[in-house]
Number of protein chains: 2
Amino acid sequence: MKQPTNTPNHFEHLLDQHHLKKTAPRLKVLSMMADKETATSQPDLESLMNDVDRVTLYRILNVFEEKGIIHKVFDLNGTANYAICTSNCQEHRHHDEHLHFNCTQCNNVYCLNDLNLPAFDLPPGFKVNGFTLYATGLCPDCSKKQN
Amino acid sequence: MKQPTNTPNHFEHLLDQHHLKKTAPRLKVLSMMADKETATSQPDLESLMNDVDRVTLYRILNVFEEKGIIHKVFDLNGTANYAICTSNCQEHRHHDEHLHFNCTQCNNVYCLNDLNLPAFDLPPGFKVNGFTLYATGLCPDCSKKQN
DNA sequence: TAATCAAATGCAACACAATTGCATTTGAAT
DNA sequence: ATTCAAATGCAATTGTGTTGCATTTGATTA
Ligand SMILES: [Mn+2]
Ligand SMILES: [Mn+2]
Ligand SMILES: [Zn+2]
Ligand SMILES: [Zn+2]
């Protein structure tokens, strides 16, 4: 019986699991990022969380990333974007090894979790810990509008 | 007869090709980034170019990137790193489609140009323009020191 | 070689992301 | 209800990157 992964209940569970207090700002951050195919940029998060202090937001994002609840991707402009981890990420052990597609038009960063990536080799001496394929171009929405 | 690709002469050639004036700051930037397997971070460049104004450095980096002379990679900390393009990059048409390896220990970003990347597919609707494989872990040097 | 002028640089001011220290508040446990 | 570490809020600071404008410089041309 599969558990729902995007309900307020699940969020509280998530915080419990990682020994984090269930606070309003934290639950709000999680609900903001839930049910989205795309990552959310730091500026967007900041304006969505208008009643919460900027510093608090940064601290929440940092602790969520450390715990493996969310992961960070930088877009073409160097802006941080955040998305909830779907895979089995743990504290200091992320495995978000999916394709990140950054649309050059709308600037959205897509987490294409379902796509399986090809294997690759490295020159001797390099010890790989994690990887991601990063692609740029036009997303489906912007691709349509182009015509 | 292959031309050398890292000499002061070649740098002047490069600037000529792109209709850029051969100035001291520009040649200095090129020589800083030459003959390195790893990209150079903005902070490092800034301290290496201590006699040149910060703004000038930013403008040089921007124009070099536009012209396809260098490319930018963000490391794990979101810091911009720059490296000379080896492939056939043109104005607004970069094809630096190689592996970028970011060492979690020394934070160096390696441009592994010689490694050929596997092909991959995308869901329908996405129009790919460019891509890079981004891996993290331990570089050969740090891997050795670890033992 | 000297004059010319757009291109490039330098400087001051600014915008914004991110961090730090410390006082205050709050959630969970007793 | 009491307690206290954990979390938040606020003020100040650092660092990256940008913009406007005055000054300098390198390529062109007389
Ligand atoms: Mn992702
Ligand atoms: Mn590269
Ligand atoms: Zn788009
Ligand atoms: Zn290293």
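Hydrogens, waters and symmetry mates are skipped; everything else that's a heavy atom, side chains included, is used. Lettering follows sequence order; numbering is per chain, from 1.
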Notebook entry, point to check: In whole angstroms, how far is the P atom of dG9(D) from the CZ atom of Arg26(A)?
Noted result: 11 Å
Margin query: Expressed as a whole number of angstroms, how long is the span from Tyr58(A):OH to dA11(D):C1'?
Written below: 16 Å
Next item on the list: Taking Asn107(A) for its side chain and Asn102(A) for its backbone only, find out whether a donor-acceptor pair lies under 3.5 Å.
Entry: no
Check: How about Leu27(B) and Leu15(B): do any of their side-chain heavy atoms sit closer than 4.5 Å?
Finding: yes
Margin query: A side-chain contact here means heavy atoms from C-beta on lying under 4.5 Å apart; do Thr56(B) and Met49(B) qualify?
Written below: no
Checklist line | Over all atoms of both residues, closest heavy-atom pair of Phe74(B) and Asp75(A) | finding: CE1-O, 3.7 Å
Check: Backbone N or O of Phe64(A) within a donor-acceptor pair of the His18(A) side chain at under 3.5 Å?
Finding: no
Notebook entry, point to check: How long is the line joining NE2 of His18(B) and C1' of dA7(C), in whole Å?
Noted result: 17 Å
Margin query: Parallel, tilted or perpendicular: which one describes the rings of Phe126(A) and Phe101(B), with boundaries at 30° and 60°?
Written below: perpendicular
Checklist line | Whole-Å distance separating the CD1 atom of Ile60(B) from the P atom of dG17(D) | finding: 15 Å
Next item on the list: Spell out, as yes or no, whether a donor-acceptor pair under 3.5 Å connects the side chain of Ser41(A) to the backbone of Asn81(A).
Entry: no
Next item on the list: May I ask you to test the Arg26(A)-Phe11(A) pair for a side-chain heavy-atom distance under 4.5 Å?
Entry: no
Note to self: Please pick, from dT19(C), dG9(D), dG17(D), the nucleotide with the shortest atom-to-atom distance to any side-chain atom of Thr56(A).
What the structure shows: dG9(D)
Note to self: I need the residues from residues 66-79 of chain A with at least one non-hydrogen atom less than 4.0 Å from DNA chain D; give them sorted by number, or say none.
What the structure shows: none
Considering only nitrogen or oxygen atoms on both sides, find all protein atoms under 3.5 Å from nucleotides 20-30 of chain C and state each distance.
residue, atom, partner, partner atom, Å
dA28(C), OP1, Lys22(A), N, 3.2

Check: Between residues 47-54 of chain A and DNA chain D, which residues have a heavy-atom gap below 4.0 Å?
Finding: Val52(A), Asp53(A)
Notebook entry, point to check: Within this structure, what is the CD-to-C1' distance between Glu46(A) and dC16(C), rounded to whole angstrom?
Noted result: 9 Å
Check: Can you find a heavy atom in the side chain of Glu37(B) that is under 4.5 Å from one in the side chain of Cys111(B)?
Finding: no
Checklist line | Between dT16(D) (P) and Asp44(B) (CG): distance, integer Å | finding: 10 Å
Next item on the list: To the nearest Å, give me how far apart CG (Leu15(B)) and P (dA8(C)) are.
Entry: 10 Å
Check: According to a strict under-4.0 Å criterion, is Asn62(B) in side-chain N/O contact with OP1 or OP2 of dT18(D)?
Finding: yes
Margin query: From NE2 of His19(A) over to P of dA5(D), roughly how many Å is that when rounded to an integer?
Written below: 18 Å
Margin query: Tell me whether the rings of His71(A) and His94(A) are parallel (<30°), tilted (30 to 60°) or perpendicular (>60°).
Written below: perpendicular
Check: Should Tyr134(A) and Val73(A) be marked as a side-chain contact (heavy atoms from CB on, under 4.5 Å) after you check the CA-CA gap, both sets of side-chain angles, and the distance that decides it?
Finding: CA-CA 10 Å; Tyr134(A) 186 87; Val73(A) 196; 4.2 Å; yes
